[in-house]
Amino acid sequence: MGIELWLRTGLLMGIMTGLLMAVGYFIGGPTWMLFAFAFALVLNLFSYWYSDRLVLGWYRARILDEMEAPELYRIVEDLAREAGIPTPRIAIIPTDTPNAFATGRNPKHAVVAVTRGLLKILSREELEGVLSHEISHIKNRDILIGTLAAVLAGAIVQLAYWARWIAIFGGFGNDRDNDNIITALLIAILAPIAALLIQAAISRSREYLADETGAKISGKPWALASALAKIEHTVRMRPLREGNPATAHMFIINPFRGASIANLFSTHPPTEKRIERLRRIAESMGMAF
């Protein structure tokens with residue numbers, strides 16, 4: 001793992017730890033702040049080693065055997081070979097909303113997850129385009145920080161939600177004279193802050209880079225562009241209703257449009273701009289779009 005990724009990951013974990021400590025302080029003062037710090041240390045270690053399993057669990061994703069989806073496996077295997085990385089495992093998410101994401105702490109422990117809906121609406125070449133994008137996230141080592149951000153932000157949002165009600169109904173016996181209603185409002189603010197930090201940590205430029213790298217790996221930028229347009233249209237009509245909005249940045253297209261306050265902070269560049277950039281990439285490769 002390069003020094004830049006170490007720094008980005010360390011900064012993210014430090015900020016998220018600080019937010020957890022802030023929640024603890026608002027709940028019960030210094031004692032609970034120290035408790036939150038200890039919890040954050042355990043969560044950081046857990047997230048590094050097991051966050052991919054947790055994210056897959058949120059979506060009831062199941063690892064596929066090669067015999068169950070031989071064509072899908074061949075596509076992933078060929079793209080991984082072209083990208084120069086080990087072949088990742090493949091998981092299926094049981095939802096008709098089309099989408100995909102990659103997770104894992106490094107290329108050797110990576111998983112590419114696709115929804116049932118994605119396999120239904122895309123042609124083989126469009127599927128290659130989407131999978132090449134996810135393979136690019138693995139190759140570019142975006143998956144560690146993306147998965148850590150999802151788990152840590154999800155914990156903060158949930159803890160802030162609980163803390164709001166705890167504060168309203170009297171806290172944990174805190175002797176401070178802080179007004180519980182003001183405390184509750186301050187804690188409630190932490191949820192959108194967590195979403196904003198995800199946006200800062202997971203730069204939009206990483207999506208552009210994955211599009212570009214994926215187009216070069218598959219050699220079919222037009223196929224990725226077509227797939228993005230199809231996914232965008234379907235997600236607008238049928239957004240994902242289950243799952244954790246803190247993971248929105250991991251998907252190739254935000255699947256929670258209109259479903260959560262977290263969407264106030266856009267995790268993806270506009271699809272139209274992504275398609276236009278892919279058009280220019282195709283032209284540079286001498287292809288008609």
Side-chain angles (χ1 to χ4, degrees), residues 9 12-13 15-17 19-20 23 36 39-40 42-63 91-105 109-118 134 137 142-165 187-204 206-207 231 234-236 238-268:
T9 303
L12 173 70
M13 295 173 76
I15 293 174
M16 294 299 190
T17 297
L19 274 176
L20 280 170
V23 173
F39 173 71
V42 173
L43 185 60
N44 284 334
L45 290 173
F46 175 86
S47 297
Y48 179 81
W49 291 103
Y50 301 109
S51 54
D52 55 336
R53 299 183 192 180
L54 185 58
V55 170
L56 292 173
W58 282 338
Y59 294 97
R60 296 178 289 120
R62 180 175 62 86
I63 300 297
I92 186 73
I93 303 171
T95 177
D96 287 329
T97 300
N99 229 304
F101 66 80
T103 183
R105 64 181 183 271
H109 300 88
V111 181
V112 172
V114 298
T115 66
R116 182 176 58 207
L118 188 79
E134 300 307 330
H137 276 309
D142 297 327
I143 55 173
L144 172 61
I145 193 169
T147 306
L148 285 174
V151 173
L152 294 174
I156 290 169
V157 170
Q158 188 62 49
L159 187 59
Y161 176 79
W162 291 339
R164 180 180 61 186
W165 294 106
I187 294 173
I189 291 172
L190 292 176
I193 287 177
L196 181 60
L197 285 172
I198 288 177
Q199 180 186 356
I202 313 300
S203 171
R204 287 180 169 200
R206 306 310 294 180
E207 288 301 314
I231 297 170
T234 308
V235 166
R236 285 186 181 276
R238 190 170 61 243
L240 194 62
R241 299 301 183 187
E242 299 179 354
N244 193 326
T247 63
H249 63 281
M250 297 180 64
F251 287 84
I252 192 168
I253 294 285
N254 184 350
F256 299 105
R257 295 190 181 280
S260 168
I261 191 172
N263 294 304
L264 292 174
F265 308 108
S266 177
T267 56
H268 293 70

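- Residues Val114 and Ile93 have side chains not in contact (no heavy-atom distance under 4.5 Å, counting atoms from C-beta outward).
- Shown here is Tyr50, whose OH atom has no more than 12 heavy atoms of other residues, nucleotides or ligands within 6.0 Å.
- Counting only heavy atoms from C-beta outward, the side chains of Leu118 and Asn99 never approach each other to under 4.5 Å.
- Going from atom OG1 of Thr103 over to atom CZ of Arg53 covers 11.5 Å, rounded to the nearest 0.5 Å.
- Of all the heavy atoms in Ala61 and Ala91, the pair that sits closest is CB-CB, 4.1 Å.
- Few gaps surround CZ on Arg116; more than 12 heavy atoms of other groups in view lie less than 6.0 Å from it.
- At distances below 3.5 Å, at least one donor-acceptor pair connects side-chain atoms of His268 with backbone N or O atoms of Phe251.
- Shown here for Phe256 and Leu240, the closest heavy-atom pair between the two residues is CD2-O, 3.6 Å.
- One finds the CG atom of Asn254 at 12.5 Å from the CD1 atom of Ile231 (value rounded to the nearest 0.5 Å).
- With values rounded to the nearest 0.5 angstrom, Arg62 atom CZ is found 8.0 Å from Ile92 atom CD1.
- Under the 3.5 Å distance criterion, the side-chain polar atoms of Arg206 are left unmatched by any main-chain donor or acceptor of Asp142.
- Side-chain contact between Val111 and Leu56 is present, with at least one heavy-atom pair separated by less than 4.5 Å.
- When atom types are taken as modelled, the side chain of Thr95 and the backbone of Gly117 share no donor-acceptor pair closer than 3.5 angstrom.
- For the pair Trp58/Thr247, a side-chain contact is recorded, criterion being any heavy-atom separation below 4.5 Å from C-beta on.
- Closest heavy-atom contact between Ile143 and Ala110: CD1-CB, 3.9 Å.
- For the pair Glu134 (side chain) and Ala102 (backbone), a donor-acceptor distance under 3.5 Å is present.
- In this structure, the separation between CZ on Arg236 and CD1 on Ile253 is 9.0 Å, given to the nearest 0.5 Å.
- By the 4.5 Å heavy-atom criterion applied to side chains, Thr115 and Thr97 are not counted as neighbours.
- The distance from the NE2 atom of His109 to the CH2 atom of Trp49 is 7.5 Å, given to the nearest 0.5 Å.
- Looking only at distances, no side-chain donor or acceptor of Tyr59 sits under 3.5 Å from a matching main-chain atom of Glu242.
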